[in-house]
Amino acid sequence: MARWFIDRTPRKAAPSVNARRLLAGARFARAEFSISACTTDAEAVVPGQVFFATSRGDDRNESESVISALRRGASKVVVERECPAAGPNQVVVDNVAAAHARTVHALAGDPADSMLVVGCTGSQGSGAVGIFLRSILAAAHRRHAIIGRRSWTDGSATRPLPAAHPRPESLATMLAAMKRQTVETAIVQFTPEDLASTSIASGFRLAGAVVSQVADDPDEPRDLTVERRRAAARLVRAVMPGGCVVLNADDPDCLILAGSNLEARVLTIGVDQPADLTAEVERLDPAGCRLRVRGLGDERAVDLHLLGVDRIRQALAAAAVAWDAGVEPEAIVEGLESVTHLPGRFEAIDEGQPFDVRIDQGCTSLEVAHALNVLRSLHPGGRILCVLGAEGHRPREERRTLAAAAELRCDQLVFTSDNPRGEDPNAILDDLLSGCRSPGQAIVEPDRRAAIETALALAGPGDAVLIAGKGREAFQILSDRVVPFDDRRIAARYLRERFAQLRRHSA
């Protein structure tokens with residue numbers, strides 16, 4: 001079983017699970033047997049393990065992987081189509097990936113059964129929902145833990161995660177670590193891409209789920225929105241009977257998901273549309289906003305320290321989950337008001353410069369649009385500049401939509417490299433330029449450091465600069481290596497040097 005962290009906890013004897021009871025509906029070539037270890041990698045089979053053939057290829061490739069696993073000592077193989085080469089050592093199931101996920105959670109002792117596990121997803125905002133919910137649970141003195149996109153905590157220590165979301169076996173291992181720490185509530189963030197391409201939400205039942213947003217941008221192709229909605233439906237269907245699904249009533253594509261799980265209860269949140277939990281904005285200024293929240297038993301005043309209507313919806317979503325879990329309204333209000341910033345989101349860099357500089361990890365069209373809209377509302381008379389790149393190995397249309405959303409909301413775009421990974425950085429930049437109505441007006445600087453310094457050099461008094469894509473991510477992933485790179489440090493160093501020189505000249 002793959003591990004995403006070093007676990008030095010003393011290990012007990014390997015557990016085992018009864019395959020016939022675990023894999024309901026499977027067709028067995030032989031009678032009952034037990035599973036004590038499993039893998040999805042045919043080349044890494046250890047004698048006695050059960051091999052799950054999760055990779056879907058043609059019959060020949062699948063047969064070759066099964067034969068390879070058996071030669072290495074696999075006791076059984078689990079497949080979706082009967083494999084003559086496996087003979088009596090095979091189990092046929094409808095969905096191998098889901099069967100594998102169910103097995104690894106069972107081998108871990110089904111840790112999700114001992115706590116409330118809440119899954120969060122959305123085209124944007126699921127991370128903010130998690131942060132608001134953590135703050136509420138802390139105010140209520142409930143032991144909690146979270147698995148995010150870049151790190152996870154078992155309720156005691158925080159550990160980093162790779163760029164990709166963990167596999168089912170790693171998720172089971174992390175939940176087991178939380179169980180050992182007697183965690184009461186676990187928050188797990190899923191990207192739409194993870195839900196669409198893996199069975200990461202299979203194998204255990206969720207006590208609740210939040211879908212913060214489905215539609216990404218009004219101008220995006222409809223098929224992308226539909227694909228994202230199908231991915232979110234997987235999360236909703238993973239909620240146990242009687243569990244709670246929180247949906248954004250301001251997004252019609254989100255509300256459709258209410259029919260994905262008729263055995264779960266649905267709570268809606270909204271700002272523009274009627275919902276179970278709503279908020280009216282009484283005051284809005286650079287320090288935040290004052291809300292009148294209705295639905296927590298009665299009407300409550302909340303001073304939110306974050307800007308933007310999307311942040312209000314995300315705060316309401318966290319409040320809805322907590323309210324359903326029995327958290328007192330006073331703790332909910334205290335938790336929401338305790339969130340003063342979101343790490344990596346709209347963070348200010350202040351080195352005494354006469355213009356606003358913000359670092360934001362937003363990498364989708366909706367996230368970047370949100371940040372630029374907030375900057376425009378704060379600096380209506382100034383120019384808005386944006387440093388923007390795109391991840392490697394992402395859909396071309398997604399990049400075009402991202403560039404179009406940014407161009408519409410800023411006065412000067414500076415396109416640069418983000419994490420190109422194994423893709424040609426120039427090809428990524430071409431995709432971004434193709435999304436612009438006036439590509440000749442954009443500045444293209446592949447070197448990210450130079451791009452940041454260019455935008456800061458162009459900014460004047462009253463202007464604002466958004467450096468998007470990384471937030472607190474302190475590295476850059478190239479084709480052959482990972483290099484240290486921190487947008488915050490690059491920007492702060494340049495501003496210190498530039499304005500120190502100006503102060504010296506003025507003196």
Side-chain angles (χ1 to χ4, degrees), residues 122-128 191-193 212-229 248 250-254 272 307-311 313-314 342 344-346 356 358-380 382-392 394-419 427-445 448 451-452 455 463-471 487:
S123 58
Q124 59 91 32
S126 62
T191 68
E193 293 77 17
S212 59
Q213 193 88 6
V214 172
D216 200 353
D217 189 279
D219 299 324
E220 78 172 0
R222 185 61 187 167
D223 58 339
L224 291 180
T225 302
V226 173
E227 184 179 338
R228 199 179 296 117
R229 191 175 67 209
N248 178 5
D250 293 335
D251 180 0
D253 281 289
C254 193
D272 302 325
L307 295 167
V309 67
D310 290 327
R311 297 294 179 241
R313 295 189 183 102
Q314 291 146 17
L342 301 178
R345 293 290 192 187
F346 213 62
D356 197 355
R358 301 283 177 157
I359 305 292
D360 194 86
Q361 71 184 41
C363 56
T364 69
S365 57
L366 193 62
E367 290 172 329
V368 172
H370 167 80
L372 290 172
N373 286 340
V374 173
L375 274 184
R376 181 68 72 184
S377 68
L378 295 176
H379 308 282
R383 296 170 68 240
I384 307 298
L385 300 90
C386 179
V387 179
L388 185 66
E391 284 266 341
R394 302 299 305 158
R396 299 182 67 185
E397 189 58 40
E398 184 179 293
R399 294 169 182 166
R400 296 190 186 103
T401 304
L402 172 64
E407 182 188 39
L408 184 65
R409 294 167 175 83
C410 71
D411 301 292
Q412 181 62 67
L413 266 173
V414 182
F415 287 129
T416 188
S417 183
D418 194 315
N419 290 321
I428 298 175
L429 292 170
D430 287 343
D431 288 343
L432 289 170
L433 286 169
S434 68
C436 295
R437 292 184 178 180
S438 303
Q441 301 299 315
I443 297 172
V444 179
E445 174 49 72
R448 191 172 181 89
I452 292 172
D463 292 344
V465 179
L466 177 71
I467 303 173
K470 287 188 172 295
D487 286 355

Once rounded to the nearest 0.5 Å, what's the spacing between atom [atom1] of [X] and atom [atom2] of [Y]?
{"X": "Asp253", "Y": "Arg228", "atom1": "CG", "atom2": "CZ", "value": "9.0 Å"}
{"X": "Leu372", "Y": "Ser377", "atom1": "CG", "atom2": "OG", "value": "11.0 Å"}
{"X": "Leu432", "Y": "Ser417", "atom1": "CG", "atom2": "OG", "value": "10.0 Å"}
{"X": "Asp250", "Y": "Gln213", "atom1": "CG", "atom2": "CD", "value": "8.0 Å"}

With [X] via side-chain hydrogen bond (donor to acceptor under 3.5 Å, both in side chains) - residues at least two apart:
{"X": "Asn419", "value": "Glu391, Lys470, Glu473"}
{"X": "Gln412", "value": "none"}
{"X": "Asp272", "value": "Arg313"}
{"X": "Arg448", "value": "Asp487"}

Residues 433-444 vs side-chain hydrogen bond (donor to acceptor under 3.5 Å, both in side chains), sequence neighbours excluded, gives Arg400-Ser434
Check: [X] side chain, [Y] main-chain N or O, donor-acceptor pair, under 3.5 Å:
{"X": "Thr416", "Y": "Glu445", "result": "yes"}
{"X": "Glu407", "Y": "Ala403", "result": "no"}
{"X": "Glu398", "Y": "Pro395", "result": "no"}

Between Asp360 and Leu466, does the side chain to side chain contact (heavy atoms under 4.5 Å, CB included) criterion hold? Intermediate values first, please.
CA-CA 7 Å; Asp360 194 86; Leu466 177 71; 3.8 Å; yes
For Arg376, what residues pass the side chain to side chain contact (heavy atoms under 4.5 Å, CB included) criterion, not counting sequence neighbours?
Ile384, Asp411
Report the C-alpha distance between His379 and Asp463 in whole Å, list the side-chain angles of each, state the deciding distance to 0.1 Å, and finish with yes or no for side chain to side chain contact (heavy atoms under 4.5 Å, CB included).
CA-CA 7 Å; His379 308 282; Asp463 292 344; over 6 Å; no
Glu227/Asp223 under side chain to side chain contact (heavy atoms under 4.5 Å, CB included): CA gap, chis, key distance, verdict:
CA-CA 6 Å; Glu227 184 179 338; Asp223 58 339; over 6 Å; no
